[in-house]
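Reminder, nothing fancy here: chain letters follow the sequence lines and each chain counts from 1.
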Amino acid sequence: MTNNETPEKRPLDFIRQIIAEDLKTGKHSGVVTRFPPEPNGFLHIGHAKSICLNFGVGEEFNGRCNLRFDDTNPSKEEEAYVEAIEKDVAWLGFNWGEKPHYASNYFAQLYDFAIELIKMGKAYVCQLSAGDVRTYRGTLTEPGKESPYRSRSIDENIDLFTKMKAGEFADGTHVLRAKIDMSSPNLNMRDPVLYRILNVAHHRTGDTWKIYPMYDYTHCLSDMLEGVTHSLCTLEFEDHRPLYNWVLDTLQTPCHPRQIEFSRLNLTYTVLSKRKLLKMVEGKHVEGWDDPRMLTISGLRRRGYTPAAIRNFCKIIGIGKSDSRIDMGVLENEIRNDLNERAPRRMCVLDPVKVIIDNFPEDLIENVTGKNHPQNPEMGERTIPFTKELYIERADFMEEPSRKYRRLGPGREVRLRYGFLVQYASHVKDEKSGEITEIHCTYDPESKGGSAPDGRKVKGTIHWVSATAGVPVEIKLYDRLFTEADPEADKDTDFLSFLNKDSMITLDKAVGEPCLADLHPGESVQFERQGYFCVDSKDVNTGKILFNRTVTLRDSWSTKSK
RNA sequence: UGGGGCGUGGCCAAGUGGUAAGGCACCGGGUUUUGAUCCCGGCAUUCGUAGGUUCGAACCCUGCCGCCCCAGCCA
């Protein structure tokens with residue numbers, strides 16, 4: 001599954017340098033990382049970057065990486081998401097050991113730590129309303145004010161917190177706060193909320209708990225409990241690091257993981273935040289989380305991307321701290337590299353126009369053989385039926401071709417790949433529409449396989465399929481979801497207004513060579529001269545095989561011809 | 001205007017005081033029964049900017065400019 005990964009060594013990124021140094025100096029004898037998704041949505045290519053980093057570090061330094069569900073907000077989380085996440089991480093080829101971890105596994109311990117904090121006078125129950133908490137917090141430039149509940153006695157705090165836990169209060173009436181510094185220039189340190197009351201059932205703990213710990217309080221302690229050495233997260237958490245450290249320092253925990261931040265992934269012509277992806281799904285702008293246009297792991301999988309391509313992509317983009325938006329072409333390059341090696345070649349005419357070989361016997365079927373891969377004989381060959389009536393691509397014929405055009409046209413001879421050389425004879429055009437309906441040719445019976453005994457050369461080789469023996473297929477062509485390279489650049493404009501209305505085009509007249517019928521869901525092939533396609537794994541059952549175009553072939557003609 | 005970060009070619013990204021790796025893109029040329037692949041070659045006298053230190057600076061210092069993040073009882 002994950003073979004074909006480029007083995008070449010690149011220089012170590014700054015995080016791996018830190019880890020290598022920690023191992024070298026003996027600060028740590030082993031390394032433990034974790035990938036901590038919240039089960040409130042599907043994983044996307046940005047998560048893949050984090051997964052490759054965390055699991056990659058675990059593998060490379062002979063350590064381990066835990067899969068931990070950060071499930072501290074039951075109002076947004078679902079079991080279905082944890083299953084989808086496990087499937088995606090496994091598909092990418094990573095192993096999290098015996099079983100996944102859950103922040104919810106630590107609820108009892110977290111509660112005990114909170115009691116400890118209260119006893120140390122470092123946490124208190126606050127009854128300010130959410131709005132008042134915000135007001136008291138101050139602003140970016142003004143310090144906050146201390147809550148009137150800040151100086152409660154330890155006994156009263158314990159009593160209140162116990163009652164919070166027992167479900168004696170309504171949502172929003174009480175919170176547990178850390179007692180730090182209301183005038184800190186870092187807003188996160190202005191007595192952050194540690195626990196809130198949520199009378200909501202949790203997908204794993206049911207209704208056992210009425211209070212749920214917040215991210216900042218939970219994450220550092222979960223890392224600590226799991227013996228994580230390096231806690232890698234994205235840049236927006238830099239301001240949270242002091243709080244991460246405060247909790248562990250105050251509790252004097254036996255182990256103190258180091259949080260290191262790196263920049264999140266952005267790609268051109270798409271969006272990658274769970275919130276925005278959710279909006280795409282809920283607004284029906286796509287057909288679901290696994291829509292092949294979505295850069296979710298499940299969408300990419302359905303589109304025909306391979307784990308190797310995604311892992312190579314993550315490797316090539318590197319890990320750093322500067323904001324960036326990587327060109328979609330980089331991702332496409334990786335899937336082309338991978339599929340170029342492993343995808344068998346096939347012929348399929350996407351936009352057919354009929355070709356009749358005038359001098360070809362009516363009922364004759366000439367079986368010709370095509371290589372499954374031009375550079376790799378081990379992939380074998382297959383038989384392709386050549387008949388009197390064929391289809392070729394509408395774009396492969398021109399009534400008045402330019403000199404650089406190398407395909408079929410009046411007076412021209414071209415090669416039908418693996419078939420015969422054919423010479424243009426005439427063509428029929430619908431007077432009203434101007435559409436070409438038939439092209440007549442004659443073939444050279446001596447040229448079976450594609451070359452003539454006299455050694456004459458033709459300029460063009462085009463693909464074709466038998467009109468009588470070919471199989472009808474349905475094809476979906478996908479394009480970028482947005483028309484702007486950075487749909488998020490203008491904060492005053494809704495990213496949805498940049499949606500590409502032509503991001504999905506369905507072709508229902510396509511015809512492929514017979515052996516296409518043998519393909520299984522998820523299998524990838526290259527349609528020669530067109531691109532890489534895979535059989536849809538969630539077939540809508542149209543009676544025809546449905547192919548998703550993963551990516552086109554690199555095309556220097558379309559750009560040059562302009 | 002508080003705090004935390006970041007600025008190397010069109011897009012990424014190495015570089016950690018000794019004279020600008022690599023990938024993508026792009027431009028040439030060769031091979032080719034996919035205008036694909038593959039193969040050759042080209043592509044930053046310069047590292048946001050202005051000064052300073054030094055024999056020597058993308059790397060050290062100072063000022064300035066630009067961009068990102070933070071005022072959830074989300075993660």
Side-chain angles (χ1 to χ4, degrees), chain A residues 8 10-13 17 36-38 40 70-73 75-76 126 128-130 133-135 137-144 171-177 184-190 192-198 212 214-216 218-219 233-242 261 263 268 274-275 316-334 336-337 340-341 345 347 370-371 373-375 404-407 415-419 421 449-451 457-463 485 526-531 552-561:
Chain A
E8 130 244 24
R10 311 182 79 243
L12 293 186
D13 57 67
Q17 283 178 30
E38 180 186 14
N40 68 343
D70 226 334
D71 53 350
T72 58
N73 185 357
S75 59
K76 290 187 176 177
C126 180
L128 247 25
S129 69
V133 167
R134 190 188 328 123
T135 312
R137 184 157 34 226
T139 68
L140 293 178
T141 50
E142 301 156 32
D171 288 11
T173 57
H174 299 64
V175 291
L176 183 73
R177 293 229 251 166
S184 169
N186 181 345
L187 291 285
N188 294 121
M189 300 298 272
R190 321 244 260 229
V193 171
L194 265 24
Y195 269 91
R196 79 288 215 186
I197 299 172
L198 242 34
Y212 291 92
M214 299 286 290
Y215 165 84
D216 284 307
T218 308
H219 208 89
C233 62
T234 43
L235 250 27
E236 66 270 27
F237 292 104
E238 271 181 316
D239 288 341
H240 296 243
R241 193 184 339 122
E261 310 83 9
S263 63
T268 56
K274 260 191 209 171
R275 198 196 115 249
I316 207 89
I317 59 174
I319 298 291
K321 297 195 70 166
S322 49
D323 297 314
S324 64
R325 185 169 292 271
I326 289 161
D327 199 294
M328 269 295 294
V330 178
L331 216 209
E332 294 176 345
N333 179 59
E334 291 305 330
R336 283 196 188 103
N337 282 345
N340 176 47
E341 284 184 36
R345 271 54 173 173
M347 291 198 288
K371 295 177 184 171
H373 190 111
Q375 283 85 33
K404 283 185 160 180
Y405 187 78
R406 307 213 296 243
R407 310 174 193 176
R415 171 166 37 235
L416 295 181
R417 174 153 240 230
Y418 297 129
L421 297 181
S451 44
K457 302 283 186 222
V458 294
K459 50 271 138 199
T461 299
I462 62 179
H463 60 99
Q526 182 197 91
F527 289 159
E528 297 210 37
R529 303 208 304 133
Q530 293 288 170
T552 60
L553 252 32
R554 192 174 278 114
D555 181 6
S556 56
W557 166 244
S558 69
T559 49
K560 266 184 197 162
S561 60

Between C1' of B:rG3 and CD of A:Glu142, the distance in whole Å: 14 Å

Integer angstrom distance from the C1' of B:rG15 to that of B:rA20: 8 Å

Which part of the nucleic acid, if any, lies within reach of A:Arg345 when heavy atoms closer than 4.0 Å are counted: base, sugar-phosphate only, or nothing? base

Taking only residues two or more places apart in sequence, or in another chain, which ones meet A:Arg137 in a salt bridge (charged side-chain N to carboxylate O under 4.0 Å, His left out)? none

Quick one: list whatever passes ring pair (Phe, Tyr, Trp, His ring centres under 6.0 Å) with A:Tyr405, sequence neighbours left out. none

Using atom CE of A:Met189 as one end and atom C1' of B:rC69 as the other, report the distance to the nearest whole Å. 17 Å

Roughly how far apart, to the nearest Å, are B:rG72 and B:rC67 at atom P? 24 Å

Rounded distance in Å between the C1' positions of B:rG52 and B:rA14: 28 Å

Can you sort out the partners of A:Glu332 under side-chain hydrogen bond (donor to acceptor under 3.5 Å, both in side chains), two or more places apart, ordered by chain and number? none

Tell me if the side-chain of A:Gln530 makes a donor-acceptor pair with the base of B:rU34, cut-off 3.5 Å, by modelled atom types. no

How many Å lie between OH on A:Tyr418 and P on B:rU33, as a whole number? 11 Å

Listed by chain and number, what are the salt bridge (charged side-chain N to carboxylate O under 4.0 Å, His left out) partners of A:Arg406, not counting sequence neighbours? none

Just the rounded figure in Å: distance from P of B:rU34 to CZ of A:Arg336. 18 Å

Where the side chain of A:Arg196 meets the backbone of A:Gly172, is there a donor-acceptor pair that is under 3.5 Å apart? no

Separation of atom NE2 in A:His463 from atom C1' in B:rA36, rounded to whole Å: 12 Å

List for me each residue that meets side-chain hydrogen bond (donor to acceptor under 3.5 Å, both in side chains) alongside A:Ser324, sequence neighbours excluded, and say none if there are none. none

So, for A:Leu194 and A:Arg177, which heavy atoms are closest and what is the spacing to 0.1 Å? CD2-C, 3.9 Å

Atom C1', compared across B:rU19 and B:rG28: separation rounded to whole Å: 30 Å

When the nearest nucleotide of RNA chain B is assigned to A:Thr141 and to A:Asn333 on a heavy-atom basis, which residue is associated with the more 5' position? A:Thr141

Stem finding on RNA chain B, please: runs of three or more consecutive Watson-Crick or G-U wobble pairs, both distances under 3.5 Å, sorted by first number. B:2-7 with B:65-70, B:10-12 with B:22-24, B:26-30 with B:38-42, B:48-52 with B:60-64

Please measure how far the C1' atom in B:rG4 lies from the corresponding atom in B:rC11, and state the result in whole Å. 27 Å

side-chain hydrogen bond (donor to acceptor under 3.5 Å, both in side chains) with A:Asn333: which residues, sequence neighbours excluded? A:Arg554

Rounded to whole Å, the CD-P distance (A:Glu528 to B:rU32) equals 17 Å

Summarise protein proximity over nucleotides 70-75 of chain B in one line of letters, 5' to 3': B for base, S for sugar-phosphate only, - for none, counting protein heavy atoms closer than 4.0 Å. BBSBSB

Describe the nucleic acid contact of A:Glu332 in one word from base, sugar-phosphate, nothing, applying a heavy-atom distance below 4.0 Å. nothing

Separation of atom CE in A:Met328 from atom P in B:rC24, rounded to whole Å: 16 Å

Partners meeting salt bridge (charged side-chain N to carboxylate O under 4.0 Å, His left out) with A:Glu38 (sequence neighbours left out): none

Using atom C1' of each nucleotide, how far apart are B:rG66 and B:rA50 to the nearest Å? 15 Å

For A:Arg415, give me all partners under side chain to side chain contact (heavy atoms under 4.5 Å, CB included), at least two apart in sequence or on another chain. A:Leu421, A:Val458, A:Thr461

A:Leu416 or A:Asn340: which one's nearest nucleotide on RNA chain B is closer to the 5' end? A:Leu416

With sequence neighbours left out, what residues match A:His373 under ring pair (Phe, Tyr, Trp, His ring centres under 6.0 Å)? none

To the nearest Å, give me how far apart CD1 (A:Ile462) and P (B:rG35) are. 10 Å

For nucleotides B:rA58 and B:rU45, find the distance between their C1' atoms and express it as a whole number of Å. 14 Å

Heavy atoms under 4.0 Å is the rule here; annotate nucleotides 11-16 of chain B 5' to 3' with B where the base is hit, S where only the sugar-phosphate is, and - elsewhere. SSSSSB

Is there side-chain contact between A:Ile197 and A:Val175, with at least one heavy-atom pair below 4.5 Å? no

Remember a base hit wins even if backbone is also touched, and classify A:Pro374 as base, sugar-phosphate or nothing at under 4.0 Å, heavy atoms. base

With the 90 degree cut-off around zero defining syn, does B:rG72 come out syn or anti? syn

Under 30°, 30 to 60°, or over 60°: which ring-plane class applies to A:Tyr215 and A:His219, parallel, tilted or perpendicular? tilted

Distance, P atom - from B:rG30 to B:rG23, rounded to whole angstrom: 23 Å

